[in-house]
**Student:** 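Handing you this structure, nothing more for now.
These figures come from a predicted structure and were not determined experimentally.
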Amino acid sequence: MITAPGLVVAVGPALFEVVVTGHGDSEVRDVFVADPQEAATGQPGDLVLGLGLRDAEEAVELLKRCAAGSASGVVLRVGLAQEPTVVAAAENCELTLIALQPSVTWAHVVWLLRGVIDRAAAPDSPAAGDAGVHQELFALADAAAAIVDAPVTIEDNQSRVLAHSSGQDLTDPARVSTIVGRRVPGEVIAHFRARGVFRRLARSSEPFLVPDGPNGIRPRLVVPVRAGGEWLGSIWAVVDGPVSADVTAELSNAASVLALHLLRLRAQADVARRSAIDRLRTLLRQFSPDTTVDVRLPPAPWRVVALGSPGGYDVPQELDLWESTGRRHGWSEPALADLDGTVLAVVSDGDGPGSWRWLRRLVIDLAKETPGTTAAAGGRARGPADLPSSRAESVELLGLVRRGLAPGPALRVEQAWHVLTVHRAVTSLDTTKLDGPLATLLRHDIENDTAFVDTLEAWLNYPGQPQRSAKELHLHTNTLRHRMKRIGEIAKLDLTDPRQRLALQLQIAAVRTEH
């Protein structure tokens, strides 16, 4: 399922902008092209494209008809979508209104949106996957190569090779390494960065020529690929020298078409990622025998790990941060999801990237540079049914680490069983209804400005070690013994009873937690 605002998020801000958010939870199942000469405006689940509208009056009329037909949203050119009367009409109708930038044709919009909607409807279906877009990218690479009469690669803005033309045997060793590795080699990137290539790509839409370089690197004609000002990638052609203006212009036209393919590829990847997160979130929330386990997980047994980041990040940012961090350090398919405001990872209980041992080392290293980075692992989950309980333990333990009640930055539940046991017992106590000796001592301390509760706590913390208890309180040992005698007289304590000692410690901990 995908909504109209979700479509905009998936495609990115290069082409679309949400002007009015209506019923944001309405599912989009298809794209409907509205004809201003006809009354039809689609049906529930349709995202309506307003073609051929001449003025704001026609746009307002379209919005009203779409609202009456329960459409999921309307897309208008940015000029009309930002007209005050149009915005007001969308708000009154509670209809999602999306502005389309003028740099793309309606035909391309239909192709782009339907590809994303199909992927959202069947994220695991090969027919709805990325294969078709990838094949089209290779076809575009061949078309660009035919225009410039030179071998071509298509790369994203991370220098990853998305497609290449045929005839790469006529290139240089750097190009061969790029294609074999599916990424531009580091030394080649350093060469181009030193020449300011990537700064120019990030800022300009104009093609430019990069001269030859060391180790047989031949000249490149580089064509930035942009949409709505956003740099998406580039076309790289290995040429012998300067290229004519006509050829450059044709390649620029090809780049505008390529931009839509890259947007669709990114949007489909985003939809697939969101779908995977939703499925993992469902598995972590509650498992039942009817639950379908259609989530890619590392080999069992697993642990659910609650992850913490320094302040200043919201949950979606934290999720993105942990995903990029995991991939950067070798976890190729991070099993991550956010649930109830916490980022969670499902890791294996073995070794290597994606395991608890690997993640623990990573978090400890990260915490040295970025204090506040934490990880708390729940107990072993030997099957999917154990994941919710492991998740609950990890979240509880992370809360204790953040409050300084358990040692960080990374630990598992087996290392903190005693802390968890006490915490659970303490949080179950109602401190407003305390009875017994501690209630008497609390009243005495308030009325007489004494510190008998602190004295008793130190005595209980170091049983049989009066010198250590006295040192903790900065008292002489004889003073401590005198106070304990007075406490016994006031509160009628029997500290030889282990159950009384335990109950008192729990009550004191509950009072300390409240304050």
**Student:** How about E57: does its CD atom have over 12 heavy atoms from other parts shown lying under 6.0 Å from it?
**Tutor:** no
**Student:** Where do V210 and V222 come nearest, in terms of heavy atoms and distance?
**Tutor:** CG2-CG2, 3.7 Å
**Student:** Decide yes or no on side-chain contact (heavy atoms from CB on, under 4.5 Å) for F16 and Q101, but give the supporting numbers first.
**Tutor:** CA-CA 6 Å; F16 300 106; Q101 301 300 326; over 6 Å; no
**Student:** Is there a side-chain contact between V148 and I235, using heavy atoms and a 4.5 Å cut-off?
**Tutor:** no
**Student:** What residues, two or more places apart in sequence or in another chain, satisfy side chain to side chain donor-acceptor pair (under 3.5 Å) together with R274?
**Tutor:** D270
**Student:** Ring-plane angle category for W236 and F192, please: parallel below 30°, perpendicular beyond 60°, tilted otherwise.
**Tutor:** tilted
**Student:** Rounded to the nearest 0.5 Å, what separation is found between the CD atom of E91 and the CG atom of L63?
**Tutor:** 11.0 Å
**Student:** Should S394 and L344 count as side-chain neighbours, where that means a heavy-atom distance under 4.5 Å?
**Tutor:** yes
**Student:** Run the side-chain contact (heavy atoms from CB on, under 4.5 Å) test on W302 and D386 for me, step by step, so that the C-alpha distance in whole Å, both residues' side-chain angles and the decisive distance to 0.1 Å come before the verdict.
**Tutor:** CA-CA 9 Å; W302 307 296; D386 300 326; over 6 Å; no
**Student:** Check this for me: D149, atom CG, are more than 12 non-hydrogen atoms of other residues, nucleotides or ligands nearer than 6.0 Å?
**Tutor:** no
**Student:** Minimum heavy-atom separation for L76 to G50, with atom names?
**Tutor:** CD2-CA, 3.9 Å
**Student:** Under 30°, 30 to 60°, or over 60°: which ring-plane class applies to F198 and W231, parallel, tilted or perpendicular?
**Tutor:** tilted
**Student:** Are any non-hydrogen side-chain atoms of L262 and L162 less than 4.5 angstrom apart?
**Tutor:** yes
**Student:** Between A255 and V225, what is the shortest heavy-atom contact and its length?
**Tutor:** O-CG1, 3.6 Å
**Student:** Specify the closest pair of heavy atoms between T96 and G22, including all atoms of both residues, with the distance to one decimal.
**Tutor:** OG1-N, 3.1 Å
**Student:** Of all heavy-atom pairs between R285 and R391, which one has the smallest distance, and what is that distance?
**Tutor:** O-NH2, 3.2 Å
**Student:** Less than 4.5 Å apart, side chain to side chain, heavy atoms only: is that true for R361 and I364?
**Tutor:** no
**Student:** Is it the case that more than 12 heavy atoms not belonging to R360 sit under 6.0 Å from its CZ atom?
**Tutor:** no
**Student:** Is the number of heavy atoms from other residues, nucleotides or ligands within 6.0 Å of CZ (R54) greater than 12?
**Tutor:** no
